[in-house]
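Please read the structure below before turning to the comments.
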Number of protein chains: 2
Amino acid sequence: MQIDERKQKILKAIVQDYIATAEPVGSRTISKKFELGVSPATIRNEMSDLEEMGLIEQPHTSAGRIPSDAGYRYYVDYLMDPVQLSEDDKKKINKEISTRLNEIHEVMEYTGKLISQVTCLTSLVLEPKTKNSVLKLHFLPYEEGKAIMVMVKDNGKVENSVVDIGEDITPEELQILANIFNEKMSGTKAQDIKTVLLREIYGELSRKRRMLDGILGILGRMVNEFEEVDEGKVYLGGALNMLNQPEFRDLDKVKDLFQVFEESNKLKELLNHDQQGLNISIGSENIEQVLKDCSIISATYHINGKQIGSIGVLGPTRMDYSRAITIVDYMTKSLTEMLTKKYRRTK
Amino acid sequence: MQIDERKQKILKAIVQDYIATAEPVGSRTISKKFELGVSPATIRNEMSDLEEMGLIEQPHTSAGRIPSDAGYRYYVDYLMDPVQLSEDDKKKINKEISTRLNEIHEVMEYTGKLISQVTCLTSLVLEPKTKNSVLKLHFLPYEEGKAIMVMVKDNGKVENSVVDIGEDITPEELQILANIFNEKMSGTKAQDIKTVLLREIYGELSRKRRMLDGILGILGRMVNEFEEVDEGKVYLGGALNMLNQPEFRDLDKVKDLFQVFEESNKLKELLNHDQQGLNISIGSENIEQVLKDCSIISATYHINGKQIGSIGVLGPTRMDYSRAITIVDYMTKSLTEMLTKKYRRTK
DNA sequence: GATTAGCACTCACCGAGGAAGAGTGCTAAC
DNA sequence: GTTAGCACTCTTCCTCGGTGAGTGCTAATC
C-alpha cells in the first residue's frame, strides 16, 4: 500500500496518541500535539482518506479515529520509531536472570515475570522444546516390579520417571537394556526412538526369548515417557496486567481472555509459529478468535544454536509495539546467550 | 449463642435462600417459600432480633437481609443439612482420578480440576509435603565435576538434581558416600539430615583425609537440595469460576482476588492450618484481608497415614457450604485411599 | 402477650429527557 | 490545495420522577 508522507505522519500520530491515551484521536488533537503545520480541517480530509483505505476507523460518528488492525500493521511495518532499552533496564534484566539460572523452570518462570513487569503486559514463555536427543539412560532399583529410569538429555536436562517393568525382569536384564541404548541410541532424537529402538532391541534380544515380551512392554511405556517430557511447558506471567488495560474493563472479555490463559495448549499454539526470529501477530491475525483485540509479539531463543523455545508478550492491539519488540528482542538474545553458556557441553 | 428454634429456622431460610439467589431475602419471601406458619410481620420482628445479634445484616434500609459472617458461621456449625454425594458423582471422581495416577503432579492438577468442576468454585490443592525421609540415594555420572543425585523418598516420589562435586572426586568415592547414606541415614527426615549426616560422614571418612574437603562441600549443596524440594507446590484450578459469581462483578475485586491467586505463597498459607481434618474459614476469619468476602473449605489428606497435603475450595462466603464440604471431604478420603494404595511400600 | 393487618416511609433501580462537549463533514472563501 | 465557519451527530453525564420491594411502627386481633 502506497500512501504519501503526510498521511503517514497523520497515521503515525493517530497510532501513537491512541497507544498513549486509549482515547479515539480527533483532528484537533493531532494538529495541537504533533507539529504537522496544517489545520485540523486538512487533517480531517486526510483522515477521511485513511479511513477509506481501511487503516483507521471511527467507533461512532462523533468520535475521533482509532487505528484498525491494518493500521497497526502498517505502523509496525513502516512507521514505528526504534526504541533503545535504557542501560538500567538492560542491567536489571541480565543480573536478574543470571542469579536464577539453577533450574530451567526457574529461569522460564522468572523470565516471564521480568518481561511482564517491564512491559506491563502479559508474558508467555515456552520452555525449550526437548525434541532432542537422549544422551544416556540409567536404571535404578525402585520397588518390586518398578524401576527408576533416569534420562540425560543433550540440553543438559535430567528427567526421571518410574516405569513398570514387570516382576520377572532382573536388574541385570535392565542393565543390558540400558547398555544397548547407551551404545547404539545415544543421541537419537526422542521422536525417532520409537521405531529405531524397537528394531534394534528386537535384533539384539532375539536370542534371549524369555526376556523379550517383558522388555518390549517396558519399551512401549518408555517411549511414552520420552514423548511426554517432549512437550515444552508454557509459562504465563502478569496475566493481571491485562486487567489494567482499559479494553478489558468489560468482565465478559476478561472471562474469555482468561479462558484462553487456562488452556496451555492454546497458549503454546500462539507461540508456535514455525519461522524463527521475531513475529508479530496483530488483532484478527491471531488464530484465536478471542484475541481479536490483542496482539502478540514473540521471538525464538536458542540453546547451542539448535533447540528452540520462544518468549512472547501479549497485550491489547493498542500496545506500545516498539517498546515491546525491543524488550522481547533483547530478552531472547540475553536468554540465548545465557542458556548456551550454561549448557555448553563437550558432548 | 443461644437462639430459639423459630429464629434458627428463619436464619436457616435466609442463608439458604441467599445462597441460592444471591439476592437479599425479605420477610415475605421467607413466609412464602418456607413454611413456617407465621406471617411476614412476625418474621420481620424476628429478623430485627437476628440483626441485633449480628447474624444478619441489611445492605440498605429498603432491602432484605443477608447473612453476616457470624450468620454463616452459625449456619455451618448448627443448622446445615448434610448432603449426600450422588453415586454418579462418586463414580466419576473415583474413575477420573485413578486413570491419572502416574505422576504426582498430574494427580494434583487433575484433582483440582475435578473439584472446581464439580463445585463450580475455585480449587486449591497442596502437594504432599515432602518433609519426609529420603529412603535411598543414588549417584550417576554426569559430566566432568558434576553428578546426578537421585533421591527416592518414602512417599514414593523420585527427585533428581545435578550437584557439583568438584574435579577430584572419583565415582568410587561417590559410591562410598551413597553407601554410607543408604546404610546409616535411610529414613532420616530431610531436615534432620544436615546435622546427623555431617557427623556420621565425618567419622566415617576421617581416615580418608584427602576426600574430606570435597565431600563436605558436596554435602553442603546436597542439603540445600533436600530443603529446596521440601516445598509442596500448590495447584490452583477453576479460578475462572469466581468470575461467574455475582459478587465478583466488580473488576477491582477481581483484580485483588487474582493478585492473591498469583502468589503461590499466600495460597499455601491459606491451606496451611495446623489442625488435621476439615477446616472452614468464613469471610473475615481468613488471614488474607482481600478474601473477606470469600470462604475456604479445606481438609488434609494422607499418604501412609503420615505425610499430609491438603485440598480446598475457595468461593464467595455465599457458597453452598454443605455441598462443598461433602465434596472436599469425599475427595480427601478418596485421595488418601488411592495415594496410600499407590505408595504402599514394604520399606 | 404474641401475632398480624395495615400503612407510611425509605431507598435502589430504571428509563426518559435535556444539556454539554467532542468531533465530524460540508461549504464557501482564501 | 488549504482553511475557517457552521450545522449536525452522537456519546456522556446529570437530573428527575415513577415503580416496586421491603421495612418499621401502630393498632387491632387471637
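Below, each value reflects all heavy atoms present in this structure, side chains not excepted, and no hydrogens, waters or symmetry copies. Since the structure is predicted, the reported quantities are computational estimates derived from the model, not experimental observations. Per chain, numbering begins at 1; letters A, B, ... match sequence-line order.
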Taking atom CG of B/D293 and atom CZ of B/F248, what is their separation to the nearest 0.5 Å?
-> 6.5 Å
Separation between CD1 (A/I43) and CG (A/L50), nearest 0.5 Å, reads 11.0 Å
Would you say a side-chain N or O of A/R65 is under 4.0 Å from OP1 or OP2 of C/dG25?
-> yes
Here the distance between atom P of C/dG6 and atom CG of B/N45, to the nearest Å, is 17 Å
Taking 4.0 angstrom as the limit, do B/E269 and B/K266 come out as a salt bridge?
-> no
The nucleotide from C/dA5, D/dT3, C/dT24 with an atom nearest the side chain of B/A41 is C/dA5
Would you mind reading off the distance between A/L36 atom CG and D/dG1 atom P, rounded to a whole angstrom?
-> 18 Å
Counting any heavy atom closer than 4.0 Å, what does A/S27 reach on the DNA or RNA strands: base, sugar-phosphate only, or nothing?
-> sugar-phosphate
Starting at CD of B/E23 and ending at C1' of C/dC13, how long is that distance when rounded to a whole Å?
-> 12 Å
Rounded interatomic separation in angstrom, taking NZ from A/K32 and C1' from D/dT3 = 18 Å
Would you mind reading off the distance between A/R28 atom CZ and D/dG5 atom P, rounded to a whole angstrom?
-> 13 Å
Between the base of D/dG24 and the side chain of B/R44, is there a donor-acceptor distance below 3.5 Å?
-> yes
Rounded to the nearest Å, what distance is computed from the CZ atom of residue B/R6 to the P atom of nucleotide C/dT4?
-> 8 Å
Given atom CG of A/D17 and atom P of C/dG23, what is their separation to the nearest angstrom?
-> 10 Å
By nearest nucleotide on DNA chain C, pick out whichever of B/P40 and B/S62 is the more 5' one.
-> B/P40
When you measure from the side chain of A/Q58, which nucleotide among D/dG24, C/dG25, C/dT4 comes out closest?
-> C/dG25
Would B/Y75 and B/Y72 count as a ring pair (Phe, Tyr, Trp, His ring centres under 6.0 Å) if you check the C-alpha gap in whole Å, the side-chain angles of each, and the deciding distance to 0.1 Å?
-> CA-CA 5 Å; B/Y75 172 76; B/Y72 284 121; 7.6 Å; no
Would you say the base of D/dC10 and the side-chain of A/T61 have a donor-acceptor pair closer than 3.5 Å?
-> no
Whole-Å distance between D/dG24 C1' and B/D49 CG?
-> 13 Å
Output the distance between atom CD (A/E35) and atom NZ (A/K9), rounded to the nearest 0.5 Å.
-> 10.5 Å
